[in-house]
J.: 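I have a structure here, written as structure tokens, and I will follow up with some questions on it.
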There are 2 protein chains.
Amino acid sequence: MELDMRKMRILAAIVDDYIMTAMPVGSRTISKHPDINLSSATIRNEMSDLEELGYLEQPHTSAGRIPSDKAYRLYVDSLMRNVRLSERETRFMRDHFSQELDQVEDVVKQTAWVLSNLTQYMSVITSPQLHAVKIKHVQLVPVSEEKALCVVVTDSGIVRDAIVRIPRGTDVEKLERLSRLLTARLANQRMDEAITTLIPAICDEIAENRAFLMATLESLRRGMDADSARMTMAGATNMLNYPEYSDMGKAKNFLSAIETKDKLYGMLTKATKMEFTVTIGAENEDAQMQDCSVVTATYRIGNDPIGSMGIIGPTRMNYSRVLAILRYMGNGLSEMLTNMFEEER
Amino acid sequence: MELDMRKMRILAAIVDDYIMTAMPVGSRTISKHPDINLSSATIRNEMSDLEELGYLEQPHTSAGRIPSDKAYRLYVDSLMRNVRLSERETRFMRDHFSQELDQVEDVVKQTAWVLSNLTQYMSVITSPQLHAVKIKHVQLVPVSEEKALCVVVTDSGIVRDAIVRIPRGTDVEKLERLSRLLTARLANQRMDEAITTLIPAICDEIAENRAFLMATLESLRRGMDADSARMTMAGATNMLNYPEYSDMGKAKNFLSAIETKDKLYGMLTKATKMEFTVTIGAENEDAQMQDCSVVTATYRIGNDPIGSMGIIGPTRMNYSRVLAILRYMGNGLSEMLTNMFEEER
DNA sequence: TGTTAGCACTCGTTTTGTTCGAGTGCTAAT
DNA sequence: ATTAGCACTCGAACAAAACGAGTGCTAACA
């Protein structure tokens with residue numbers, strides 16, 4: 001079913017209004033809209049049609065109408081106009097990137113803060129994914145008689161570590177030798193390749209410390225998989241400012257949904273494949289998020305997408321503005337990280 | 001002003017009741033209390049006195065009374081009885097500590113979870129503080145032409161890292177030499193001493209790489225100070241189950257108070273000096289926390305207090321139970337960490 | 001034929017009024 | 001000193017009424 005031009009304009013006006021006010025939109029309001037020169041009665045007829053087509057819903061008979069998920073989908077895909085960010089806003093973001101930040105984690109954390117602050121929604125961002133990143137150095141450090149710490153440094157300056165058991169009596173020299181060996185074999189290899197293909201090869205090759213080495217590498221792999229902690233979020237309480245969460249039950253529901261970060265992390269990593277994604281309301285797989293929308297964007301080092309960031313807000317979020325902000329921040333962050341580490345690739 | 005025996009008993013009964021029900025306590029309720037054999041009228045007189053003395057408050061004329069912060073203070077200091085934890089509860093905690101967990105961070109995280117789960121309040125715990133911990137290994141890893149990563153491993157298996165600028169053209173060998181030198185000089189030194197006294201000494205001694213070394217050590221110091229990220233909390237949404245936060249405004253207030261972790265972290269580190277602390281309502285420095293109470297306990301490696309954990313709940317929290325749980329968990333965690341790392345000290 | 005003014009109707013929200021009862025303070029009796 | 005009795009207070013819970021934003025429908029109009 002196609003909508004004619006007029007219906008589209010009306011629908012766009014309704015969505016725009018609802019995004020701002022969160023109040024059911026009446027025919028009268030739309031008839032006063034500058035773009036639309038029709039009486040409220042005509043609008044009523046059109047609205048009635050739009051409702052039948054599934055784009056609008058009526059909370060109850062004598063209220064205005066609110067857009068359905070389907071309406072937001074259409075809005076995002078073809079109705080909304082690109083918004084221009086204000087000078088103030090872009091400056092705010094530029095300032096963020098011009099700061100001297102040494103640690104990747106700090107950059108990520110601050111990006112999350114800027115995002116939530118600017119959008120007034122909740123933001124979430126993954127730390128750079130290691131899979132596409134190259135190993136730089138492996139070091140085994142003795143911690144006790146039976147344990148050592150295995151530290152892996154990547155070329156983006158990210159450190160991962162895992163405790164490994166070592167045979168009693170292993171001396172420092174031996175650990176040092178092993179560190180050198182591992183570094184030599186793994187340096188400049190991609191993380192994911194190292195784990196899947198290289199590690200078995202190395203294990204086969206070296207008879208000497210076979211059991212120990214395998215355990216070490218296994219620990220490492222586990223450490224890598226535990227990446228789901230590597231996600232930062234900010235501005236969760238922003239959500240409580242929106243009337244859709246003024247009901248305690250919903251608020252609690254939402255907050256407990258995000259307290260275990262796993263699902264969010266899943267969404268973000270899945271989204272790393274796409275430049276942008278917009279997931280509206282019931283399109284979310286997680287039942288508890290079905291009255292939120294999630295907008296994500298990726299960031300890159302060089303040309304490799306290496307992480308993604310997202311904004312979570314009510315379904316009536318300001319998609320246009322959010323996308324503009326994510327685009328800007330995504331580019332800025334990509335540039336910053338690329339400068340930080342790409343130099344010598 | 002001293003309270004006589006009877007007033008104390010009455011006050012204790014009121015507090016006990018209010019902790020359970022969160023409803024203003026009336027004279028009738030207390031007169032039916034098994035420990036107390038007085039008519040409601042007598043209780044009313046006593047309550048009137050207690051109110052005058054500042055131990056009770058009346059929300060409005062025809063409601064019962066609720067304990068003031070002052071009452072809770074007295075309650076905690078001398079009124080409450082030690083509670084015995086149930087078999088189920090202690091088993092729950094023991095199970096937690098019998099798990100095989102390699103990483104310190106995992107242990108901490110899980111402890112936080114157990115605490116919030118068991119108390120149904122919010123829990124918060126610092127990762128082991130580095131100050132009293134000994135350095136094991138220092139390693140500089142080149143990351144780009146101009147940057148290297150300085151990784152410090154401590155004997156409790158905790159890793160800290162910082163990016164440092166290096167003179168262009170520094171080769172791997174040189175970094176390796178420096179790593180060895182730093183490791184040799186700093187190994188087995190306490191973190192805090194290393195930073196305050198040793199580092200200047202080393203700087204003086206070595207002319208060669210003076211500027212560079214100093215920058216490195218300065219980065220390290222900053223990295224250590226940024227410890228405030230090293231805090232885990234769990235069960236924030238538990239708080240929303242209590243009627244004192246059923247009002248949206250208060251809930252928002254509370255949640256935003258804990259979103260920036262700095263203040264909490266401050267409280268916890270300050271509390272590391274004391275075996276237990278109980279901070280009630282307005283005793284909190286942070287205005288936004290003035291209708292919460294915070295109970296903390298330390299945990300140790302060997303005999304050194306090395307971190308602390310806390311429970312945050314409404315002022316009418318079950319202090320006795322919370323203290324019992326914290327005591328148990330504190331001992332358990334201390335034991336576990338001590339076993340993990342003390343062996344070879 | 002599409003648009004619009006007019007009007008009766010719907011239904012959630014707000015306001016106002018009423019009742020109910022838990023709990024108090026005071027007084028007088030024990 | 002304690003307690004029974006009683007009038008009084010005041011919020012909570014409920015009900016009824018007034019309100020008004022918004023609708024759908026009809027009939028008139030361009």
Side-chain angles (χ1 to χ4, degrees), chain A residues 2-11 13-18 20-68 71 243-244 246-248, chain B residues 3-11 13-18 20-33 35-68 71 243-244 246-248:
Chain A
E2 265 308 311
L3 299 184
D4 59 26
M5 210 48 214
R6 194 170 76 174
K7 282 197 172 56
M8 290 218 186
R9 243 202 288 272
I10 291 173
L11 187 56
I14 293 174
V15 174
D16 279 332
D17 189 89
Y18 188 70
M20 287 195 17
T21 64
M23 307 275 280
V25 186
S27 52
R28 194 109 199 296
T29 318
I30 299 305
S31 76
K32 278 185 285 193
H33 193 286
D35 284 9
I36 290 169
N37 250 346
L38 293 168
S39 79
S40 63
T42 312
I43 306 287
R44 276 203 288 284
N45 290 329
E46 295 288 43
M47 280 170 121
S48 184
D49 290 353
L50 284 168
E51 183 170 359
E52 212 164 317
L53 293 168
Y55 290 99
L56 293 179
E57 289 163 9
Q58 229 176 348
H60 56 85
T61 348
S62 71
R65 275 146 169 127
I66 62 175
S68 66
E244 23 272 274
S246 63
D247 163 34
M248 204 68 219
Chain B
L3 298 184
D4 59 27
M5 209 49 213
R6 194 170 75 173
K7 283 198 171 54
M8 290 218 186
R9 243 203 287 272
I10 290 173
L11 188 55
I14 293 174
V15 174
D16 278 332
D17 189 89
Y18 188 70
M20 287 197 15
T21 64
M23 307 273 279
V25 185
S27 53
R28 192 108 198 297
T29 318
I30 298 303
S31 76
K32 278 184 287 192
H33 194 286
D35 284 9
I36 290 168
N37 251 346
L38 293 168
S39 77
S40 60
T42 313
I43 306 286
R44 277 202 288 285
N45 289 328
E46 294 289 44
M47 281 170 120
S48 185
D49 290 353
L50 285 167
E51 182 170 359
E52 211 163 320
L53 293 168
Y55 291 100
L56 294 179
E57 289 163 9
Q58 229 176 349
H60 57 86
T61 350
S62 71
R65 267 127 171 147
I66 63 174
S68 66
E244 24 272 274
S246 62
D247 161 36
M248 205 68 222

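Letters A, B, ... mirror the listed sequences (proteins, then strands); counts begin at 1. Since we're looking at a predicted model, the values are computed, not measured.
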J.: What is the distance from CE of B:Met23 to P of D:dG11, rounded to the nearest Å?
T.: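 So the two atoms are 15 Å apart, to the nearest Å.
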J.: How many whole angstroms separate atom OH of B:Tyr18 from atom P of C:dG23?
T.: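 After rounding, the gap between these two atoms is 14 Å.
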J.: Table please: side-chain donor-acceptor pairs of residues 23-31 of chain A below 3.5 Å, with sequence neighbours left out.
T.:
| residue | atom | partner | partner atom | Å |
| --- | --- | --- | --- | --- |
| A:Ser27 | OG | A:Arg44 | NH1 | 3.2 |
| A:Ser31 | OG | A:Arg28 | O | 2.8 |

J.: Tabulate atom names and distances for all N/O pairs under 3.5 angstrom spanning the protein and nucleotides 3-7 of chain D.
T.:
| residue | atom | partner | partner atom | Å |
| --- | --- | --- | --- | --- |
| D:dT3 | OP2 | B:Ser39 | N | 3.2 |
| D:dT3 | OP2 | B:Thr42 | OG1 | 2.6 |
| D:dG5 | O6 | B:Arg44 | NH2 | 3.4 |

J.: Compare every heavy atom of A:Gln58 with every heavy atom of A:Ala63, then report the nearest pair and how far apart it is.
T.: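 That closest heavy-atom pairing would be O-NE2, 3.5 Å.
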J.: Starting from P on C:dG25, measure out to CG on B:Leu56 and report it in whole angstrom.
T.: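 Whole-Å distance recorded here is 11 Å.
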J.: Side chain of A:Thr61: nearest nucleotide among D:dT9, C:dC11, C:dG25?
T.: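 Closest nucleotide to the A:Thr61 side chain: C:dC11.
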J.: Between A:Arg6 and C:dT3, does any side-chain N or O lie under 4.0 Å from OP1 or OP2?
T.: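 A:Arg6 to C:dT3 OP1/OP2: side-chain N or O found under 4.0 Å.
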J.: Determine, for nucleotides 13-22 of chain C in 5'-to-3' order, which nucleotides have protein heavy atoms under 4.0 Å from the base (write B), from only the sugar-phosphate (write S), or from neither (write -).
T.: ---------B
J.: Atom CG of residue position B:Asp35 - does it have more than 12 heavy atoms of other residues, nucleotides or ligands inside 6.0 Å?
T.: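 Result for CG/B:Asp35: enclosed.
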J.: Do the non-hydrogen side-chain atoms of B:Ser48 and B:Arg65 ever get within less than 4.5 Å of each other?
T.: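 Sidechains of B:Arg65 and B:Ser48: in contact.
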J.: May I have the distance from A:Gln58 (atom CD) to C:dC9 (atom C1'), rounded to whole angstrom?
T.: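 Atom CD in A:Gln58 sits about 14 Å away from atom C1' in C:dC9.
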J.: Quick one: are B:Leu38 and B:Arg9 in side-chain contact, heavy atoms under 4.5 Å?
T.: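 B:Leu38 does not reach B:Arg9 side chain to side chain.
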J.: For B:His33 versus B:Ala13, what's the shortest heavy-atom pair and its separation?
T.: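 Looking at all heavy atoms of both residues, the shortest contact is CD2-CB, 3.8 Å.
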J.: In whole angstrom, give the distance that lies between atom CZ of A:Arg28 and atom C1' of C:dT4.
T.: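 A:Arg28 atom CZ is separated from C:dT4 atom C1' by 14 Å.
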J.: To the nearest 0.5 Å, what is the distance between CE (A:Met47) and OG1 (A:Thr42)?
T.: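 Spacing of CE (A:Met47) from OG1 (A:Thr42) equals 12.5 Å.
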J.: Using atom CD of A:Glu51 as one end and atom C1' of D:dG22 as the other, report the distance to the nearest whole Å.
T.: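 Atom CD in A:Glu51 sits about 13 Å away from atom C1' in D:dG22.
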J.: In whole angstrom, what separates A:Arg65's CZ from D:dA21's P?
T.: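 Those two atoms, CZ and P, are 17 Å apart.
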J.: Could you check how far CD of B:Glu46 sits from C1' of C:dG25, rounded to whole Å?
T.: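 Value for this atom pair: 15 Å.
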J.: Surrounding CG of B:Asn37 (heavy atoms of other residues, nucleotides or ligands, distance under 6.0 Å), is the total greater than 12?
T.: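 At most 12 heavy atoms, drawn from other residues, nucleotides or ligands, come within 6.0 Å of this atom.
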J.: For a 4.5 angstrom cut-off between non-hydrogen side-chain atoms, does A:Asp49 reach A:Leu3?
T.: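 Sidechains of A:Leu3 and A:Asp49: no contact.
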